[in-house]
Asks: 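Below you will find the structure I want to go over with you.
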Amino acid sequence: MDFTFSREHEMLRNMTREFAQKELAPKALALDEKGEFIRDLVKQTAKLGLVGIITSRQYGGTGMGHLARAITIEEFSRVYPSLGFFFQTGQIGIYLLENFGSEDMKKKYLPKLCSGDITAATALTESGGGSDPASMTTTAELVGDEYVLNGRKILITLAPVCDLAIIVAKTGDKFSAFLIERGTSGFTTPRKENFPGLRGTPVGDIVLTNCRVPRSNLIGGEGRGLAVALSGISAIGRVGVAAVGLGVAEGCYDAALKFTKERKLYGRPIAELQAIQHTLVDINLEIEAARWLCYLTAWLLDQGKSPRDIGTEIARAKLYSCDIASKIALKTIQIMGGYGAITEYEVVRRLNDSIELLATAGSQETMKNTIGRSLIA
Ligand SMILES: Cc1cc2nc3c(=O)[nH]c(=O)nc-3n(C[C@H](O)[C@H](O)[C@H](O)COP(=O)(O)OP(=O)(O)OC[C@H]3O[C@@H](n4cnc5c(N)ncnc54)[C@H](O)[C@@H]3O)c2cc1C
């Protein structure tokens, strides 16, 4: 089948764009300053069927698919990237539960996740290095019919506020994924990072101290945890962050166009200066390239390709979008002269948002490694 946007995709774009202008644009600065989890916005977008956009209807979702998801994240991130980032990470857990969870888990949690009543974090990274997940030291030991987990996860999106977490831990010399509810004895989230960007979607630590969960909380079977988590991080995390980066870049471009048309020097708008136009052209080209790399991966997932089949395409989209997001934010700040650095003008906030995207869902260098391996295979 050829790539095409359906009528539903076009309607979704109009709806999310309108939502972003009406509901996000007027609040973005205040929300960034407040730096609290945007629970109300999550619920509002859940009512529109967007939190469950990749989840089947039988579990409370709308099943619109990955391309629809990318469009939604792009449009929200264009105006308020924290909301796009919520979708980026919050939907990893939703995807993992639907694809690898037991029927009981799906029935119990997916409808509540899709309605925004609860949220799920996905925790792989530890202080030993996110790029080397096999070095993790969190353990899950089978004692009777329960697993006992001990360890500390760091840099986990939604950790401070999540109701559920999918935790990857060592079971012997393999890795397994577990579903843990907040409130389980030994599960704590003692630390919230003070990042300069994406301030509506908090990031922090999850600590497990003799945290006991029943065997039935395994996701995807014992020993399959790393593969399970990485498939979600790739299909949902990387494609999602590519869409966030794209939206951030577009938001900066929108601001640059507006500013250069309004700002007059030498008696005319600076948009008429060719040097300024050349920068706008560079930005425009980079955005077009990022857009199609991102849409392609989402569309391939909708065609039934597995994250493993299209790991290279996904790595390309993540690498490129996140690379241009921060570069375009800087270029835009420069085009706007002294005004560019003023917080109210938003591009400097976009720069803060964009730097967090670089390591999220796998660093830029590890994306290059994935692409590099495919080139010489
Ligand atoms: C905002 C934010 C949200 C996050 N949310 C989550 C989450 O929800 N869940 C989760 O599990 N994790 C999350 N992370 C963690 C993220 O996955 C890691 O930051 C990422 O995998 C990189 O790991 P690290 O930070 O430990 O860097 P390291 O792995 O220590 O890497 C340090 C440097 O070495 C480079 N490097 C490493 N290996 C290679 C190599 N083979 N070749 C070349 N260079 C290499 C890296 O690219 C990087 O530049 C989040 C991170 C951020 C910033």
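Order of listing sets the numbers, starting from 1, for every ligand and every atom in it.
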Asks: May I ask you to list the atoms of ligand 1 that are less than 4.0 angstrom from any heavy atom of L124?
Replies: 10 (C), 11 (O)

Asks: Ligand 1 versus T89, non-hydrogen atoms closer than 4.0 Å: side chain, backbone, both, neither?
Replies: side chain

Asks: So, for atom 37 (C) of ligand 1, does the protein have a heavy atom nearer than 4.0 Å?
Replies: yes

Asks: Is the side chain of R238 donor-acceptor paired with the backbone N or O of A361 at a distance under 3.5 Å, no angle test?
Replies: yes

Asks: Sub-3.5 Å donor-acceptor pair from the side chain of Q91 to the main-chain atoms of V51, do we have one?
Replies: yes

Asks: What residue and atom, counting heavy atoms only, is the protein's closest point to atom 5 (N) of ligand 1, and at what distance?
Replies: T157 OG1, 2.7 Å

Asks: Run the numbers for me: atoms of ligand 1, each under 4.0 Å from some heavy atom of G129, listed by number.
Replies: 26 (O), 29 (O)

Asks: Measure from atom 6 (C) of ligand 1 to every heavy atom in N369, L357, T201, L155 and give the option owning the shortest one.
Replies: L155

Asks: Among G90, A359, G93, which residue places a heavy atom closest to atom 18 (C) of ligand 1?
Replies: A359

Asks: With respect to atom 24 (P) of ligand 1, which of G362, G128, G130, G237 exhibits the smallest heavy-atom separation?
Replies: G130

Asks: For atom 48 (C) of ligand 1, find the nearest protein heavy atom and state the residue, atom name and distance (0.1 Å precision).
Replies: E365 OE1, 4.1 Å

Asks: Between E286 and Y253, does any side-chain donor sit less than 3.5 Å from a side-chain acceptor?
Replies: no

Asks: Out of S131, P202, S127, who is nearest to atom 31 (O) of ligand 1 when you count heavy atoms only?
Replies: S131

Asks: Would you say that more than 12 heavy atoms from the other residues, nucleotides or ligands in this model lie under 6.0 Å from the CD of Q277, or not?
Replies: yes

Asks: Determine whether the side chains of S115 and D117 contain a donor N or O and an acceptor N or O closer than 3.5 Å.
Replies: yes

Asks: Between F76 and F19, is the gap from one ring center to the other below 6.0 Å?
Replies: yes

Asks: With a 4.0 Å heavy-atom cut-off (strictly under), which part of T122 contacts ligand 1: side chain, backbone, both or neither?
Replies: backbone

Asks: Determine whether a donor-acceptor pair (N or O, by modelled atom type, separation under 3.5 Å) exists between the side chain of K47 and the backbone of V42.
Replies: no

Asks: Which of the numbered atoms in ligand 1 are below 4.0 angstrom from a heavy atom of S363?
Replies: 46 (C), 47 (O)

Asks: Quick one: does atom 34 (O) of ligand 1 have a protein heavy atom under 4.0 Å from it?
Replies: no

Asks: Under 4.0 Å from a heavy atom of T125: give me the atoms of ligand 1 that qualify, with their elements.
Replies: 10 (C), 11 (O), 12 (N), 13 (C), 14 (N), 15 (C), 16 (C), 17 (O)

Asks: For I355, is there any backbone N or O sitting under 3.5 Å from a side-chain donor or acceptor partner on S326?
Replies: no

Asks: Answer yes if the side chains of T332 and R350 hold a donor-acceptor pair under 3.5 Å, and no otherwise.
Replies: no

Asks: Verify whether one side chain among Y80 and E23 offers a donor that lies under 3.5 Å from an acceptor in the other.
Replies: no

Asks: Please list the nearest protein heavy atom to atom 52 (C) of ligand 1 with its residue and the distance rounded to 0.1 Å.
Replies: T360 OG1, 3.6 Å

Asks: Give the residue and atom name of whichever protein heavy atom lies nearest to atom 53 (C) of ligand 1, and the separation in Å to one decimal.
Replies: E356 O, 3.8 Å

